[in-house]
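Data block below; observations after.
Atoms within each ligand, like the ligands themselves, are counted from 1 in listed order. Because the structure is a prediction, the values reported are computed rather than measured. Below, all heavy atoms of this structure are taken into account, side chains as well, without hydrogens, waters or symmetry copies.
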Amino acid sequence: MAEILRPSPVVAENPADERLHRKRQLIAAFHLFSKFGFDEGVAGHITARDPELLDHFWVNPFGTSFGLLRVADLILVNDRGEVVEGDGLLNTAAFAIHSQVHAARPDVVAAAHSHSLHGKAWSSLGRLLDPLTQDACAFYEDHGLFDDYTGVVLDPAEGKRIAYALGDTRAVILRNHGLLTVGPTVEEAAWLFITMERSCQAQLMAEAAGTPVLIPHEQARVTHDQVSAPGAGWFSFQPLLHRLLKAEPDLFD
Ligand SMILES: [Zn+2]
């Protein structure tokens with residue numbers, strides 16, 4: 001039986017336990033994204049690679065509310081974009097983007113994308129985030145910019161270009177679109193999305209108010225390494241998860 005609360009980000013030895021853990025964390029992430037207001041209509045998807053079928057991923061079905069999703073609602077999608085487990089529609093954009101990110105990055109277990117307000121506002125500037133704050137240093141020299149916009153991403157070839165812009169970093173700003181974050185755990189990908197969205201908000205606010213002072217290169221690099229240690233993203237997600245489970249004790253039923 002997979003534990004509800006995991007004491008560390010270590011992967012379970014039993015694939016069934018690991019699968020259940022990833023699916024539960026996806027549900028927690030969706031409910032948190034809903035609470036943070038990251039959902040907008042039918043946009044947005046968070047995926048988790050299956051621990052056994054490595055070219056398959058679990059994702060939210062198209063057209064369902066983040067805040068109402070349950071573990072049983074998640075669908076499993078193969079590398080051809082076919083739903084092989086679960087009922088529900090697959091968002092073509094979710095497959096086009098996430099299949100290519102998962103294929104390009106074997107180290108990535110999860111990828112998160114939504115049309116969150118400050119992320120999409122920042123994305124319209126076509127700029128990388130600056131090291132304005134300690135939190136923003138999580139992305140210092142560790143995110144990419146997809147400096148193009150061609151319409152809704154429906155073609156895996158476009159997803160491949162996004163994966164290229166992501167490179168070996170932890171996030172990519174999709175110009176005129178929004179943010180996408182990745183992680184070695186669902187918890188980290190979700191946490192990075194939350195903190196990146198807030199870093200976008202902070203930079204928008206700071207630049208609207210004046211001329212912010214940047215953290216110098218060396219200090220930004222040191223801070224990046226401090227806040228990006230292995231497991232740090234997972235750890236940062238835990239207080240949010242605990243509060244969510246307190247409010248919704250049946251979240252994983
Ligand atoms: Zn999108």
Self-check item: Lys/Arg N to Asp/Glu carboxylate O, E207 vs R127, below 4.0 Å
Solution: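 R127 and E207: salt-bridged.
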Quiz item: Measuring from K120:NZ to E197:CD, what's the distance to the nearest 0.5 Å?
Solution: 9.5 Å
Evaluate the side-chain proximity of [Y] to [X]: yes if any heavy-atom separation is below 4.5 Å, no if none is.
{"X": "T92", "Y": "F62", "value": "no"}
{"X": "H31", "Y": "E248", "value": "yes"}
{"X": "H143", "Y": "L129", "value": "yes"}

Quiz item: Within the distance-only criterion (no hydrogens, no angle test), does the side chain of R22 pair as donor or acceptor with the backbone N or O of R49 below 3.5 angstrom?
Solution: yes
Quiz item: What is the number of protein N/O/S atoms located under 2.8 Å from the Zn ion (ligand 1)?
Solution: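 Protein N, O or S neighbours of the Zn ion (ligand 1) under 2.8 Å, waters not counted, come to 3.
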